[in-house]
Amino acid sequence: MAFGRQETEPRPLNIIQIDQNLLETRLDRLIAEKVAELLNAMLDAEADEIANAAKYERTGERKAYRAGHYDRSLTAKAGRLALKVPKLKGAVFESAVIERYRRREESVEEALIDMYLAGASTRQVDDIGQLSWGDRMPSQTLSDKLKKVYGEIEAWRARPLEGECPYVFMDGVWHKRSWGGSVENVSVLVAIGVNGEGHREVIGVAEGMKEDSAGRERFVRSMIERGLKGVRLVVGDRCAGLVATVGSMLPKARYQRCMVHFMRNVLSKTPPAHREWASAALKAIFAMESRESALAKAEQVAMEMESRRLKAAANCLREGVGETTTYLLDEFPDGHRRRIRTNNMIERPDREIRRRTRVVGGFPDGNSALMLICARIRHVTANEWSTRRYLDMSRLGDNLVEAN
């Protein structure tokens with residue numbers, strides 16, 4: 001062989017090829033058969049223990065006799081299992097292996113329920129259950145299974161609130177539900193607080209009906225009864241009853257109108273030809289470093305609007321700029337102002353709620369809508385959203401005054 005020359009080995013003609021899908025299908029079937037055999041053996045052992053004698057065994061200590069068996073299916077992670085449950089004469093067969101009337105393993109039911117709470121419709125849950133485990137989950141069955149979960153959610157919704165909550169963000173999310181014999185738009189009120197350590201927490205979720213003053217008052221009162229205290233600023237939209245409720249029930253807390261929504265309100269009263277200028281002028285107001293300079297700039301912008309014959313926009317600006325610049329007061333640190341001047345922090349949970357409620361369409365009653373929305377909020381906020389520090393609360397100082 002010459003130096004530097006390499007000889008290649010001939011490739012084998014017969015190369016083994018594995019059909020991955022076929023292999024996985026056969027493995028799944030084999031696992032399901034073995035699990036079924038194991039469970040059937042355990043059921044037979046239980047029957048022998050209850051009868052105090054083995055099958056066909058002749059003994060005077062026998063307490064019951066075998067009377068055949070009945071077929072039953074159980075959906076488990078391994079697939080759909082065919083079981084043979086023993087029947088006894090002279091005794092009731094009570095199995096500790098399989099709960100009576102249970103048709104699915106708990107892990108399978110939990111997986112299907114999690115799919116529904118995460119955003120899948122009842123039809124999608126039914127299809128996924130049938131495709132994955134060969135077992136259906138009709139909407140009525142799913143509703144029955146959710147009652148246990150809703151009990152846990154209600155306990156979470158009514159839990160006591162601990163510690164002080166200097167900042168509270170409130171908003172309402174609209175959805176369709178049957179009310180008074182017709183399908184109408186009603187709201188669910190959501191409150192998110194920033195506690196003394198700077199972490200965010202969902203502190204309140206309640207149905208607000210038409211989002212009126214009475215609904216807001218009930219909502220705030222329920223949070224106070226659960227332990228809400230130390231509130232120094234409430235951030236929200238200019239909706240009916242919120243300002244009055246904050247003034248009457250949280251007298252030491254200030255109200256901050258969402259800057260983004262306020263700008264949209266002013267721009268909605270501005271003709272398209274002037275909106276670019278008006279938008280830049282409004283941004284210049286909220287770029288000021290002090291409340292006095294912001295109010296002075298707002299008056300200049302309002303006068304310019306009047307000179308451009310934008311009287312409605314000027315009146316809207318003068319009317320709301322005071323409560324929209326609360327964040328510029330000296331009692332609120334500079335590092336907090338960018339995040340407490342808008343309701344943007346609560347917008348992500350709101351978007352998730354709207355995305356989930358659109359799948360359902362119209363709810364048959366208020367409780368089903370409230371429970372599903374609460375479940376969705378818990379799912380969205382059970383991550384870094386609540387564990388990551390949102391604000392450095394040491395900047396507020398040590399003189400946190402109890403608001404309630």
Side-chain angles (χ1 to χ4, degrees), residues 165-176 184-194 200-223 228 231-250 253-270 278-279 282-283 285-286 291 294 298 312-313 315-329 332 336-355 357 370 373 377 380 390 403:
C165 193
Y167 298 137
V168 175
F169 298 78
M170 295 177 59
D171 197 7
V173 184
W174 293 88
H175 65 280
K176 294 182 180 296
E184 297 189 16
N185 287 326
V186 295
S187 71
V188 168
L189 302 176
V190 181
I192 296 178
V194 179
R200 292 172 289 184
E201 179 185 4
V202 179
I203 59 175
V205 185
E207 190 172 31
M209 293 299 180
K210 292 298 182 180
E211 202 174 351
D212 54 3
S213 179
R216 293 279 182 180
E217 186 175 342
R218 286 193 300 270
F219 184 47
V220 175
R221 182 184 294 112
S222 67
M223 290 189 290
L228 178 64
V231 181
R232 305 194 53 187
L233 184 70
V234 177
V235 185
D237 299 339
R238 180 64 172 177
C239 50
L242 180 57
V243 180
T245 300
V246 171
S248 62
M249 306 195 72
L250 300 169
R254 297 186 180 274
Y255 169 72
Q256 166 64 34
R257 184 175 179 179
C258 178
M259 182 196 74
V260 174
H261 288 84
F262 173 68
M263 291 178 61
R264 290 174 183 169
N265 292 339
V266 176
L267 293 175
S268 67
K269 302 179 184 300
T270 306
S279 177
L282 292 173
K283 290 178 181 178
I285 295 173
F286 298 109
R291 191 164 187 261
N315 293 337
C316 182
L317 175 59
R318 287 194 176 102
E319 180 185 359
V321 69
E323 60 190 12
T324 313
T325 54
T326 307
Y327 72 97
L328 288 172
L329 292 172
F332 302 114
H336 292 187
R337 291 177 176 177
R338 183 176 62 86
R339 288 185 165 176
I340 65 174
R341 66 182 182 178
T342 71
N343 229 6
N344 289 349
M345 187 261 284
I346 204 172
E347 288 296 326
R348 180 177 178 266
D350 286 355
R351 285 196 302 270
E352 291 295 329
I353 293 172
R354 293 187 183 96
R355 186 180 68 83
T357 53
L370 182 60
I373 290 172
I377 291 175
V380 172
Y390 187 68

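Values below: all heavy atoms of this structure, side chains included; hydrogens, waters and symmetry mates excluded.
- Note that CZ of Arg337 is 8.0 Å distant from CG of Leu329, once rounded to the nearest 0.5 Å.
- Nearest heavy-atom pair, Phe219 versus Ala206, reported as atom, atom and distance to 0.1 Å: CD1-CB, 3.6 Å.
- Distance alone, capped at 3.5 Å, places no donor-acceptor pair between the Arg291 side chain and the Leu328 backbone.
- Classification of the Phe332-Tyr167 ring pair by plane angle, with boundaries at 30° and 60°, yields tilted.
- Rounding to the nearest 0.5 Å places CG of Asn344 at 10.0 Å from CZ of Arg338.
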Given the rule in the side-chain contact (heavy atoms from CB on, under 4.5 Å) test, do Met170 and Val246 qualify, once you have shown the distances and angles that lead to the verdict?
CA-CA 11 Å; Met170 295 177 59; Val246 171; 5.7 Å; no
side-chain contact (heavy atoms from CB on, under 4.5 Å) for Thr324 and Ile285? Distances and angles first, verdict last.
CA-CA 11 Å; Thr324 313; Ile285 295 173; over 6 Å; no
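- With Gln256 contributing its side chain and Tyr327 its backbone, the two residues share a donor-acceptor pair below 3.5 Å.
- The minimum heavy-atom distance between Lys269 and Cys316, with the atom names listed, is CD-CB, 3.8 Å.
- Shortest non-hydrogen contact noted between Phe169 and Thr342 is CE2-O, 3.5 Å.
- Within the model, atoms NE2 of His261 and CG of Asp171 stand 6.0 Å from one another, a figure rounded to the nearest 0.5 Å.
- A donor-acceptor pair is defined here as one N or O able to donate and one able to accept, closer than 3.5 Å; no such pair exists between the side chain of Glu217 and the backbone of Thr245.
- Contact record, Asn343 with Cys258: N-SG, 3.2 Å, taken as the closest heavy-atom pair.
- When all heavy atoms of Met223 and Ala191 are compared, the closest pair comes out as SD-CB, 3.7 Å.
- Met263 contributes atom CE, which lies 5.0 Å from atom CG of Leu282 (distance to the nearest 0.5 angstrom).
- Taking every heavy atom of both residues into account, Val235 and Ile340 meet most closely at CG2-O, 3.4 Å.
- Note that the CE atom of Met259 and the NZ atom of Lys283 stand 9.0 Å from one another [nearest 0.5 Å].
- The side chain to side chain contact (heavy atoms under 4.5 Å, CB included) test with Val168 is passed by exactly one of Val231, Leu233, Ile192: Val231.
- Cation-pi geometry between Arg339 and Tyr390 is satisfied (NZ or CZ under 6.0 Å from the ring centre, within 45° of the ring normal).
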